[in-house]
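In listed order, ligands and their atoms are each counted from 1.
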Amino acid sequence: MLYPIATESRTLTDLNGVWKFMIDRETETVDPASPIPADRRMAVPASFNDQTVDRDVREHSGYFWYEREFSVAKALLNERVVLRFGSATHEAWVYVNGKQAAYHKGGFMPFEAELNEYLEPGKNRLTIRISNLLDHTTLPVGNYSEKKTDDGRLIRNVDENFDFFNYAGLHRPVRLYTTPKTYIQDITIAPEVDLQNGSADVNVSVESGGSFDEIRVTLIDEDGVEVGEAAGAETSISVKQVHLWEPLQAYLYTARVEGVNDGEVVDVYEEPFGIRSVEVKDAQFLINGKPFYFKGFGKHEDTYVNGRGLNEAYNVLDISLMKDMGANSFRTSHYPYSEEMMRLCDREGIVVIDETPAVGLMASFNFDISALERGDFTDDTWEVLDTSEAHEQVLRELVARDKNHASVVMWSIANEAANYADGAYEYFKPLFDLTRSLDPQNRPCTYVNIMMATPKADRSSELVDVLALNRYYGWYVQNGDLKTAEEKTRAELKEWSEKHPEKPIMYTEYGADTVAGFHSPYGEPFSEEYQQEYYQMNSRVFDEFPNFVGEQLWNFADFQTKFGIMRAQGNKKGIFTRSREPKMTVQYLKQRWSSIPEFGYKK
Ligand code: BDP
């Protein structure tokens with residue numbers, strides 16, 4: 001799916017700004033045939049939740065509406081006019097002048113609709129009904145319930161089956177773009193790198209809406225110099241003396257695609273892309289043939305006021321903080337991030353593990369994972385949940401959206417599912433097969449393994465290319481006892497190495513809640529000292545294993561969660577506060593990471 005841009009054949013209009021908004025109390029029918037009786041204003045893009053001091057609005061579970069007017073210049077009405085949402089969280093019904101023009105379920109993926117048949121000259125009205133409900137069929141997974149008040153009103157409730165606040169609304173840009181009636185619909189770029197010769201064959205395939213006499217593809221380097229061209233919907237262009245995209249050393253080419261009819265260029269699209277190879281081999285993660293070491297984070301899209309809404313200033317700052325620490329990567333925990341962030345990572349050379357919103361696939365989710373101590377821990381997740389359909393849909397959409405990004409080096413199919421329970425293999429096998437069949441770049445695939453899925457309990461780790469572990473020895477278990485935690489960490493890594501000697505291992509989460517400014521001469525839990533000692537302990541063990549290829553800690557910054565006695569205004573495992581002030585351990589990690597090279601650390 002192409003990102004909306006303006007070119008000599010395409011226009012782009014932002015519909016961001018302040019929209020009309022109302023909560024749907026479901027006491028009267030709201031009919032989008034007339035302007036909705038909105039009583040509030042909300043900025044777009046952003047979550048609605050933190051833009052108000054009204055608790056009922058902030059914590060609302062159910063339906064809500066956004067509305068605004070827009071005009072399309074007459075000159076554009078002969079073009080194809082497309083309305084595009086970066087996302088609508090989690091389910092949306094879109095009306096233009098009262099008529100339904102689009103519907104989409106899944107809160108983290110773009111969707112669009114051709115508007116021509118709905119448009120009127122002059123002003124048009126755009127109305128969106130959104131639901132933030134989650135249940136056992138959706139991703140993420142929520143525990144849904146409802147009750148009636150004494151006066152008969154329906155109260156819906158979603159108990160998040162995951163550890164982040166269920167922010168909702170129009171989180172990403174809303175845009176109108178135009179294309180000619182015959183247009184370039186999609187572009188797929190899959191470079192094949194010949195590392196020995198320093199060259200690459202760039203395979204480009206172009207899909208069009210309507211038919212072109214000819215499709216031309218030109219590859220342009222960063223200096224604007226043409227380095228190759230070809231014609232056809234399926235082409236392979238060879239680039240000599242290729243400039244590779246490398247972690248922290250990004251280099252982006254542009255594929256300029258032209259659709260030609262009667263000798264005239266009708267539509268033009270320009271797609272930036274990087275040339276690099278990714279491969280898992282002999283317990284190593286190779287980028288451009290060299291063993292890469294992941295240094296970085298699990299993150300969230302989470303900032304004050306914007307909530308989960310796009311916050312480009314924070315995106316730029318976060319990457320700047322990462323680079324300053326010597327980090328080179330992050331995981332889009334626990335859902336696909338904005339297209340703007342993905343493009344920024346391509347540009348900045350940040351390596352990304354791209355995760356679906358499959359989080360909470362665990363019937364017994366709570367913060368008490370001491371059940372780990374019981375070797376026989378299991379549950380009935382795979383009988384209780386019904387998420388396969390949503391999971392397949394989002395994998396198709398995610399690969400379609402992100403397939404061309406050089407920054408994306410691996411797909412994470414889920415975070416912390418019940419991989420210790422019977423049925424896990426049967427659930428995940430078709431999803432791995434699907435992802436591998438969809439990805440034109442054949443990236444490695446993984447899921448992120450929860451602590452209870454120990455080497456003994458785990459039912460499905462043969463499916464993954466990389467063992468990506470979330471571990472909390474020294475926090476949720478052995479809290480305050482880093483000595484025992486160290487032994488447990490070492491013992492488990494040893495067991496995994498024996499179980500899968502050919503698979504590289506990395507940590508995708510490890511962390512300790514830390515209250516900024518809380519200090520302890522005894523290194524007590526929650527103090528900045530404890531967080532630092534916790535990271536030092538883990539680093540020590542990581543360095544003992546040659547097949548251990550990366551450390552992504554939990555979490556980049558403190559973030560908002562649902563209420564719970566284990567959460568004080570959210571999760572405090574950030575090494576930065578929510579406003580990005582560093583905690584003490586940042587200095588330690590900066591020293592460590594700055595001395596670990598991107599390549600060849602373990603050999
Ligand atoms: C893991 C989850 C993550 C949580 C983290 C924690 O993957 O979403 O925020 O632990 O408890 O279970 O801090």
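One option in Tyr510, Trp475, Tyr476 has a heavy atom closer to atom 6 (C) of ligand 1 than any other, and that option is Tyr476.
Ion pairing of Lys590 with Asp324 is present here, as a side-chain N (NZ or NE/NH1/NH2) and a carboxylate O approach within less than 4.0 Å.
If you look at Asn571 next to ligand 1, the close heavy atoms, those under 4.0 Å, all belong to the side chain.
Taking 4.0 Å as the cut-off, Phe162 does not count as a neighbour of ligand 1 on heavy-atom distance.
Using cut-offs of 30° and 60° for the angle between ring planes, the Phe330 and Tyr337 rings count as parallel. Below 30°, between 30° and 60°, or above 60°: for Phe432 and Phe428 the angle between ring planes is above 60°, a perpendicular geometry.
Inspection of the Asp346 and His405 side chains reveals an N or O donor paired with an N or O acceptor under 3.5 Å.
Distances below 4.0 Å separate heavy atoms of Asn470 from the following atoms of ligand 1: 7 (O). Counting atoms of ligand 1 from 1 in the listed order, those under 4.0 Å from a heavy atom of Phe559 are 9 (O). Near Asn415, with a cut-off below 4.0 Å to any heavy atom, the atoms of ligand 1 are 7 (O). The contact set between ligand 1 and Arg567, taken as ligand atoms under 4.0 Å from a residue heavy atom, comprises 6 (C), 11 (O), 13 (O).
No option in Tyr510, Phe526, Tyr535 other than Phe526 meets the ring pair (Phe, Tyr, Trp, His ring centres under 6.0 Å) test with Trp475.
For Tyr3, there are no ring pair (Phe, Tyr, Trp, His ring centres under 6.0 Å) partners two or more places apart in sequence or in a different chain.
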